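One structure below.
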Amino acid sequence: MTNDAFQKFKDEVSDALRYALDGLKVDTPIVLDKAPEGMGDIAFPCFPLAKKLRKSPDAIAKDLAATIVPKGMIEKVSASGGYVNFHVMFDVLAKVAIDEALEKKDKFGSGGKKEAKVLLEHTSVNPTGPIHVGRARNPMIGDTLARILRLAGYDVTTEFYVNDMGRQAVMMAWGVKNLSVEGKPERERDDYRFVLNYQEANKRSEEDPSVKELIDEMLLKLEHGDPLVVKDVREACRKVLSALVETLKTINVKIDDFTFESKFVENKSVERIIAKLKQSEHTRESDGAYYLELESFGISGRETKWVFTRADGTSVYTTRDLAYHMDKFARSDVTINILGEDHKLAMQQLMAALSIMGVARKPEIIYYAFVSLPEGKMSTRKGIVVNLDDLIDEALDRAYEEVKKRRADLSEERMREIARVVGIGALRYNVVRIQPEKQIVFKWEDALNFEGSSAPFVQYAHARACSILSKAGEWSHEFDPKVLQNDYEKELAKTIAAFPSVIEECAGHRKIHVLAGYAQDLATQFNQFYRFVPVLKADGKARDARLALVEASKWALGNALYCLGIEAPSEM
RNA sequence: GGGCCCGUGGGGUAGCUAGGACAUCCUAUUGGCCUUCGAAGCCGAAGACCCGGGUUCGAAUCCCGGCGGGCCCGCCA
């Protein structure tokens with residue numbers, strides 16, 4: 001089963017505590033803390049027990065510490081300030097973890113195979129123009145989570161839901177067909193070309209009621225499956241979509257499947273859902289439209305009703321999304337959505353509708369706050385945006401300047417390649433390192449940070465490890481962990497040993513920023529080790545053991561970066 | 001009018017679900033380290049839990065009330 005050495009240690013500590021607590025005849029959940037530096041590796045706080053046992057926490061800790069006999073991976077048990085502190089048997093931990101890393105290589109960190117099939121929907125931006133940085137958090141979060149879940153052992157499919165049904169898609173298709181736009185697109189690509197038609201169509205429709213009528217008419221035809229209209233809209237969407245895929249590819253995001261919203265109108269599943277909802281006791285009718293009264297479902301505000309079918313019998317966005325969710329449920333065990341916080345209410349309505357229909361499944365949702373500009377919110381329709389492509393270009397340019405400063409010895413081609421890996425890495429890291437729900441204001445200098453808490457910092461540690469290994473020549477993998485004796489070696493080995501647990505935690509809680517923090521810690525540990533502990537100049541057994549530690553570091557760093565969607569160069 | 005999210009050193013950020021030992025890390029400021037494996041690095045200094053109550057032996061963490069910022073309340077998507 002698991003070769004996760006750190007987890008094994010934690011399990012042994014829990015077992016020992018459980019046994020000791022049974023002896024004291026108390027039942028309490030075992031919550032383990034990380035011990036402060038120099039106090040051991042894992043701590044058990046005894047404060048909650050004080051009342052039950054009517055003794056001071058410190059006395060309880062001392063009693064427990066005296067009762068527990070160190071064995072297995074527990075080297076020492078001590079009591080201090082109301083905590084029982086457990087020290088890990090370092091030799092065993094280091095040996096198991098490093099062997100595991102050297103053996104599993106780019107699979108190091110992987111957990112046991114999970115049975116659950118995960119369907120992860122992310123990005124799903126309207127295909128009416130280029131991706132702007134306000135929404136760029138979505139693919140980065142989604143892709144990173146997918147990579148983490150895969151390493152953890154889940155079977156994951158990522159999916160982009162294409163909005164080819166709504167007003168905005170029609171608006172664009174109408175603009176593409178009927179307007180010739182003056183002015184050059186920013187880039188020679190369909191997303192940049194068509195967004196001009198889209199913006200112009202919006203403008204005309206606002207100014208001229210007859211244009212609005214034409215678009216309304218087209219929308220109605222689309223909803224009723226008029227083949228010509230369907231073809232025009234879908235074609236325009238597909239073209240923009242394939243341009244978006246190009247952009248996503250440059251930031252190492254690949255999406256497995258694309259599902260078109262129109263599919264659920266075509267295959268009548270939306271119709272069936274509408275029929276079913278109409279039968280609910282929560283349903284009301286108003287001028288031919290039907291809505292659910294959702295006040296009793298905790299929805300509040302000016303309006304607590306949710307219209308699910310219009311007076312003309314057509315569906316609305318969330319109703320079609322409901323059909324899509326039913327489809328996703330049928331294809332997966334766990335469905336996860338990455339969504340902007342503006343979708344919260346719609347999702348609440350969707351969840352309520354699921355309950356009303358008697359569906360037990362619910363999607364898991366990760367909401368992210370918008371990236372805004374110092375001057376305000378971004379908008380494709382209004383053309384107030386920083387496009388992701390521009391951010392990428394800027395990242396590449398700035399990274400190139402940095403590479404040129406340091407590595408003038410390399411060929412032009414090689415410098416460009418390193419600049420790409422470093423620049424894209426910096427972009428992704430800076431988005432993914434912070435909790436999705438925190439709003440961020442876009443600033444160039446923050447988005448393109450190459451020092452400190454950044455991708456290049458972690459990549460640099462990886463490159464250093466590779467550099468040592470390439471100079472090492474022959475060495476024996478049969479190392480003796482006992483020779484790893486100083487604190488730099490020990491702390492580094494312990495951090496490496498924690499990697500599988502970190503992956504498990506990130507996957508289980510769907511928390512990707514924790515991995516970014518771990519990568520930063522690991523790189524710091526490695527850099528300290530690198531500074532203070534000579535590897536190539538060490539002798540015999542120490543050299544072998546340190547080389548093993550360096551190689552294990554390389555895999556842990558590289559795999560952490562891979563999960564973050566960041567490439568790990570061997571030189572930079 | 002109502003709902004949800006966020007508020008931690010000058011700036012950014014972790015910790016908050018399961019309250020506990022001197023609150024994490026980065027940046028900017030400041031003082032050091034390239035004659036030993038790559039200075040995109042390392043070592044040191046200074047600096048923070050929005051405000052007010054409450055619960056508790058103990059609150060950044062839980063509860064109530066404010067204040068500030070964001071998102072939302074469409075027969076749009």
Side-chain angles (χ1 to χ4, degrees), chain A residues 29 31 33 35-37 39 43 45-48 50-51 56-57 80-83 85 126 128 163 165-169 219 261 286-291 298-304 306-318 320-321 340-346 348 367 369-370 372 377 399 402-403 405-407 422 426 430 433-435 437-441 443 445-446 449-461 463-472 509 513-514 516-517 520-521 523-524 526-528 530-538 546 550 571-572:
Chain A
V31 179
D33 281 355
E37 215 169 309
M39 304 288 271
C46 299
F47 304 92
K51 217 173 229 171
S56 77
S80 164
Y83 289 86
N85 293 320
N126 286 333
T128 49
N163 300 314
M165 280 302 293
R167 166 164 250 108
Q168 92 300 114
L219 183 58
E261 191 179 357
S286 164
D287 300 330
Y290 289 81
Y291 64 89
I299 286 172
S300 55
R302 288 191 195 94
E303 210 50 88
T304 57
W306 170 56
V307 173
F308 60 88
T309 179
R310 300 186 185 107
D312 62 14
T314 57
S315 58
V316 296
Y317 173 81
T318 305
R320 297 189 292 269
D321 202 14
E341 61 183 345
D342 54 331
H343 285 73
K344 273 187 187 175
L345 177 61
Q348 254 186 300
Y367 294 106
F370 286 112
S372 59
K377 193 179 166 179
E402 295 297 321
V403 176
K405 258 191 267 176
R406 298 162 220 264
R407 297 302 303 269
V422 165
N430 273 294
R433 60 185 250 270
I434 61 185
Q435 291 193 357
E437 56 268 28
K438 293 228 183 192
Q439 65 214 41
I440 57 188
V441 177
K443 295 188 191 103
E445 57 273 27
D446 295 343
N449 173 27
F450 293 166
E451 281 169 356
S453 186
S454 70
F457 176 84
V458 182
Q459 290 170 318
Y460 187 65
R464 282 174 144 184
C466 290
S467 174
I468 290 179
L469 292 169
S470 75
K471 289 173 184 157
H509 293 104
H513 71 281
V514 172
Q520 151 85 25
D521 284 348
T524 300
F526 182 80
N527 281 329
Q528 290 171 344
Y530 183 92
R531 166 68 181 78
F532 293 106
V533 184
V535 176
L536 296 174
K537 289 185 175 150
R546 287 173 188 171
V550 171
E571 64 172 349
M572 60 187 275

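Lettering follows sequence order; numbering is per chain, from 1. Computed from a prediction, not measured in an experiment: that's the story for all the values here.
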Please measure how far the C1' atom in B:C57 lies from the corresponding atom in B:C4, and state the result in whole Å.
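Nearest-Å result for B:C57 against B:C4 at atom C1': 35 Å.
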[X] has an atom [atom1]; how far is it from atom [atom2] of [N], in whole Å?
X	N	atom1	atom2	answer
A:Lys377	B:G69	NZ	P	17 Å
A:Ile299	B:G3	CD1	P	14 Å
A:Glu437	B:C72	CD	P	17 Å

Of the listed nucleotides ([options]), which one gets closest to any side-chain atom of [X]?
X	options	value
A:Phe532	B:C4, B:C42, B:A40	B:C42
A:Ala463	B:C6, B:G38, B:G15	B:G38
A:Met39	B:C75, B:A21, B:C71	B:A21
A:Gln528	B:A14, B:A77, B:C43	B:C43
A:Arg464	B:A77, B:G41, B:A21	B:G41
A:Lys471	B:C73, B:U13, B:C37	B:C37
A:Leu345	B:A39, B:G70, B:C72	B:C72
A:Pro456	B:U13, B:A21, B:A40	B:A40
A:Glu451	B:C26, B:A40, B:A77	B:A40
A:His513	B:G15, B:A77, B:A40	B:G15

Below 4.0 angstrom from OP1 or OP2 of B:C4, is there any side-chain N or O of A:Tyr367?
no
I want to check one thing: is the phosphate of B:A40, taken as OP1 and OP2, less than 4.0 Å away from some side-chain N or O of A:Tyr460?
yes
Distance alone, cut at 3.5 Å: any donor-acceptor contact between the side chains of A:Asp312 and A:Thr314?
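Yes, A:Thr314 and A:Asp312 have a side-chain donor paired with an acceptor closer than 3.5 Å.
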Between A:Phe47 and A:Tyr83, is the ring centre distance below 6.0 Å?
yes
At under 4.0 Å between heavy atoms, what does A:Ala169 touch on the DNA or RNA strands: base, sugar-phosphate, or nothing?
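Counting heavy atoms under 4.0 Å across all strands, no contact is made by A:Ala169.
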Base, sugar-phosphate, or nothing for A:Asn85, non-hydrogen atoms under 4.0 angstrom?
base
Between A:Phe457 and B:A40, do the rings stack, that is, sit under 5.5 Å apart with planes less than 30° off each other?
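No; by the centre-distance and plane-angle rule, A:Phe457 does not count as stacking on B:A40.
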At less than 3.5 Å, do the side-chain atoms of [X] and the base atoms of [N] form a donor-acceptor pair?
X	N	answer
A:Arg310	B:C75	no
A:Arg302	B:G1	yes
A:Asn527	B:A40	no
A:Gln348	B:G3	no

Would A:Met165 and A:Arg320 count as a side chain to side chain contact (heavy atoms under 4.5 Å, CB included) if you check the C-alpha gap in whole Å, the side-chain angles of each, and the deciding distance to 0.1 Å?
CA-CA 9 Å; A:Met165 280 302 293; A:Arg320 297 189 292 269; 3.7 Å; yes
Identify whether the glycosidic angle of B:C4 places it syn (within 90° of 0) or anti.
anti
Identified pairing partner of [N], criterion: Watson-Crick or G-U wobble below 3.5 Å:
N	result
B:U13	none
B:C67	B:G7
B:C75	none

Distance from A:Asp521 atom CG to A:Phe526 atom CZ, nearest 0.5 Å?
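Spacing of CG (A:Asp521) from CZ (A:Phe526) equals 15.5 Å.
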Hey, could you give me the SG/CD distance between A:Cys466 and A:Glu571, rounded to the nearest 0.5 Å?
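Going from SG on A:Cys466 over to CD on A:Glu571, the span is 10.0 Å.
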Under the 3.5 angstrom rule, does the side chain of A:Arg546 hit a backbone N or O of A:Val533 as a donor-acceptor pair?
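No: the side chain of A:Arg546 does not pair with the backbone of A:Val533.
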For the pair A:Arg310 (side chain) and A:Ser315 (backbone), establish whether a donor and an acceptor sit closer than 3.5 Å, ignoring hydrogens and angles.
yes
